[in-house]
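Scroll down for the structure; my scribbles are underneath it.
Note: hydrogens, waters and symmetry copies are ignored here, and every other heavy atom, side chains too, is used.
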Amino acid sequence: MEVCCDLQVDVNGEQVFMVDKKTLASFSGRFSKLFGKLKGTSRSLKVIFHDFPGGAEGFELMTRFCYNNGTIEITPSNIVLLYCIAHFMEMDGDGSGRLNILSQTEKSLEGISFWTWPNLVVALKQCQDLLPASNSSSILEKVLDCLIAKLFCPFVTSTYVSSSEHLSFQFSSARSSHSLKTNCSQTTWWVEDLMFLSINLIEKVIRRMMFQELDHSTIFKFLFHYRQSKSMGATTPGEKCKITEVAISLLYLLDRSSLSCKRLFKIYQLALSLKISKLYKNKLENMIGSQLDQATIDYVLVPSPRGKKYVYDVSLVLRFVKSFLLEKGCHLSQSRLKRVSKLMDSYLAEVAPDTYLKPSKFAALAMSLPDSARESHDRLYQAIGVYFKCHADLFEEEKMSICCALNYDKLSAHSLKHLTQNIKFPPRGAVEAFTTEQSKLRSLLHKAYNLKTLDSLLIHTNNEIKHEKQDTEHIIPIYTKKLDLPTEAEKLRAHLQTMHWKTLEMGNTCGTMEMQMAAIMKSRLSFRGSIQYLPKLFP
């Protein structure tokens, strides 16, 4: 049959095709609409496409379908391309009853569950290349579902050999040796094969994995390797930053028990150099904090931010501890808590000699964990001793605020004996009295604040009642009981005044105590040469 080639088609600037417009228009709604507007024109036409799916290869595939009277072999290697062409050229039927390419591709997709792993990966790669990043087409969903279902198998042969001369994608596992595959874990054999995923598609893949309940530890390993691989291939700091932020955002979706503290710290080190946004930095810190019991002292010895004089970033470690305690709350196991307490004791010993570390920061570190976290306070006592030795100019009040972290009942006999001879430590009785008075003072202030708030509320209520009395005198009997409220308010105000005086008295007591302690310390220093002074250990 003689074919009239009366149409030039320039495909994405790659190649120009001479085709019969009538043949193409009989299958393509897009061509049919275009040529319908040009009826009666006998001269040759030229159509230019700038974004034809698959370029020249895709257009050649479409013309083969049209010239073969609507038939073509559909395989896993070309089904996604044909599907995209069908939508782009509106090849979804013309009402003539003739089979169209869209219906044929959709019918072929019914057997997708029988596709091999290499076929599914090729299809996913084509979806990434041909479909917009925001597209949620049915073919992408089907490919993802079947591909992720394969991940539950202990091992699937993934060596790929191209069977199509048109396929440009070189399967990553074809470059991997068989020995590498055999050494691969039975749960992560597929990781290398999905390194081609773009950062636009990776989120959809991860969420699909989670929806199908793939093990979160496996997902974590994949994401860690993915971030590492993509960062190595990135050419600019901006690209690396984007990849890291996407990885952190996806890691944050995983169950905390599946995370590896060691690998999270590696990401954190990179994140510091990339200057990622504060949002993602906070997410990463929360994840690290949740697994702080896995950390070793080397992980947490993070240098202080630029411009700071102190050696290590103490504020960061305090945030880690806070995240750790908040993660499980009352369900935190004692074994995990004890591991963190050992870590913190080691950290305190490392930062104690730092002369630029403020007493408030050191006290915050010492008191960051509950008392139940430590079976013994010996190491804590030793760290405090080093801090006092390296900070000879501390005020007694600063020393006592730090010693509030010590539980004297959890000190060994050796540490207690050493404490009695250590003039750098305040007497135990003074520390315990200071702690008690501070606690009482805080309690009183809290009660006073609550009473003041309640008093204001009662005064406001009283004013409202008076206003209602003026406007609605005919319903006074209903409020007879409420009019007693001013009397209650007066009582509460009187109680509030009493509490205020008690608060002032407590402040005076604390001031007197400080003066007495200063006198005691002076006396101890003056008589130390002739008499060995032993502080009172028990009240």
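- Screening K150, R208, K204 against D145 for a salt bridge (Lys or Arg N to Asp or Glu O under 4.0 Å) leaves a single residue, R208.
- Across every non-hydrogen atom of L81 and G54, the tightest pair is CD1-CA, 3.7 Å.
- Side-chain contact between V246 and E203: absent, with no pair of heavy atoms (C-beta onward) separated by less than 4.5 Å.
- Judged by distance alone, with hydrogens and angles left aside, the side-chain atoms of N68 form no donor-acceptor pair with the main-chain N or O of F65 at under 3.5 Å.
- Between the S341 side chain and the R374 main chain, no donor and acceptor come within less than 3.5 Å of each other.
- Atom NZ of K281 is surrounded by 12 or fewer heavy atoms from other residues, nucleotides or ligands within 6.0 Å.
- Taking the side chain as every heavy atom from C-beta outward, L147 and W190 never approach each other to under 4.5 Å.
- Counting only residues at least two apart or on different chains, the ring-ring contact (aromatic ring centres under 6.0 Å, His included) pairs with a member in residues 297-318 are F265-Y299.
- Under the 3.5 Å distance criterion, the side-chain polar atoms of Y226 are matched with a main-chain donor or acceptor of L197.
- A salt bridge is absent between D313 and K308: the closest approach of a Lys/Arg side-chain nitrogen to an acidic carboxylate oxygen does not fall below 4.0 angstrom.
- Salt-bridge check for E239 with K230: failed, with every basic side-chain N at 4.0 Å or more from each acidic carboxylate O.
- Distance check: K221 NZ to D215 CG gives 8.0 Å after rounding to the nearest 0.5 Å.
- Considering every non-hydrogen atom in both H377 and L411, the closest pair reads O-CD2, 3.5 Å.
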Verdict with reasoning, D371 to N407, per side-chain hydrogen bond (donor to acceptor under 3.5 Å, both in side chains)
CA-CA 8 Å; D371 182 69; N407 184 339; 3.2 Å; yes
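- Taking the six-membered ring for Trp and thresholds of 30 and 60 degrees, F59 and F49 have ring planes inclined between 30 and 60 degrees apart.
- With rounding to the nearest 0.5 Å, the separation of CG in L124 from CG in D193 is 11.0 Å.
- Once rounded to the nearest 0.5 Å, the distance linking SG of C146 with CH2 of W115 reads 8.5 Å.
- Side chains of T116 and N119: a donor-acceptor N/O pair is present below 3.5 angstrom, by distance only.
- The closest side-chain heavy-atom distance from M89 to M62 is below 4.5 Å.
- In terms of heavy atoms, T244 sits closest to S231 at OG1-OG, 4.4 Å.
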Do M91 and N100 pass the side-chain contact (heavy atoms from CB on, under 4.5 Å) test, and can you show the C-alpha distance, the side-chain angles, and the key distance before you say yes or no?
CA-CA 6 Å; M91 302 174 73; N100 61 77; 5.6 Å; no
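- Ring to ring, H391 and Y387 are close: their centroids are under 6.0 angstrom apart.
- Side-chain atoms of S368 come within 3.5 Å of backbone N or O of L365 as a donor-acceptor pair.
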Pair L264, L284 - check side-chain contact (heavy atoms from CB on, under 4.5 Å), show working.
CA-CA 7 Å; L264 286 174; L284 190 53; 4.0 Å; yes
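- With rounding to the nearest 0.5 angstrom, the OG1 atom of T75 is 3.5 Å from the CG atom of N78.
- Shortest non-hydrogen contact noted between E285 and L316 is OE2-CD1, 3.4 Å.
- Between the side chain of S28 and the backbone N or O of A25, no donor-acceptor pair lies under 3.5 Å.
- K240 NZ: 12 or fewer foreign heavy atoms inside a 6.0 Å radius.
- Side-chain contact check for D129 versus F196: every heavy-atom pair is 4.5 Å or farther apart.
- Contact of the I219 side chain with the L251 side chain is not registered, since no non-hydrogen atoms from C-beta on lie closer than 4.5 Å.
- The backbone N or O of L201 lies less than 3.5 Å from no partner atom in the side chain of Q128, so there is not a single donor-acceptor pair.
- Atom NZ of K342 is separated from atom CZ of R379 by 8.5 Å, given to the nearest 0.5 angstrom.
- Under a 3.5 Å cut-off, the side chain of N12 and the backbone N or O of D51 do form a donor-acceptor pair.
- Between H216 and L254, the closest side-chain pair of non-hydrogen atoms falls below 4.5 Å.
- Remark: R30 qualifies as a cation-pi partner of F88 under the 6.0 Å distance and 45° angle criteria applied to the six-membered ring.
- Taking the six-membered ring for Trp and the full ring otherwise, H87 and Y83 have centroids separated by under 6.0 Å.
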Show, in sequence, the C-alpha distance, side-chain angles and deciding distance for Q228 and F224, and conclude whether the side-chain contact (heavy atoms from CB on, under 4.5 Å) test is met.
CA-CA 6 Å; Q228 194 174 39; F224 179 80; 4.1 Å; yes
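- Between I85 and G58, the shortest heavy-atom contact is CD1-O, 3.1 Å.
- Of the possible donor and acceptor atoms, none in the side chain of N286 sits under 3.5 Å from a partner among the backbone N and O of S323.
- When K338, Q334, K410 are each tested for a side-chain hydrogen bond (donor to acceptor under 3.5 Å, both in side chains) with E375, only one passes: K338.
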Show the numbers, then the answer: is there a side-chain hydrogen bond (donor to acceptor under 3.5 Å, both in side chains) between T105 and S108?
CA-CA 5 Å; T105 54; S108 296; over 6 Å; no
With side-chain contact (heavy atoms from CB on, under 4.5 Å) as the criterion, how do R336 and L332 come out once you've worked through the C-alpha distance, each side chain's angles and the decisive distance to 0.1 Å?
CA-CA 7 Å; R336 295 187 66 196; L332 193 62; 4.2 Å; yes
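- Each of L131, L144, L130 was compared with I139 under the side-chain contact (heavy atoms from CB on, under 4.5 Å) criterion, and only L131 meets it.
- Looking at heavy atoms from C-beta onward, L270 lies in side-chain contact with R227 at the 4.5 angstrom threshold.
- R256 and S290 get closest at one heavy-atom pair: CD-OG, 3.3 Å.
- No donor-acceptor pair closer than 3.5 Å links the side chain of Q291 to the backbone N or O of S258.
- With a 4.5 Å cut-off on side-chain heavy atoms, I79 and L82 do not count as touching.
- Atom CG of L259 and atom CD of Q294 lie 8.0 Å apart (nearest 0.5 Å).
- Using modelled atom types, one side-chain atom of E14 and one backbone atom of A56 make a donor-acceptor pair closer than 3.5 Å.
- Taking the six-membered ring where the residue is Trp, the centroids of F324 and F320 are separated by 6.0 Å or more.
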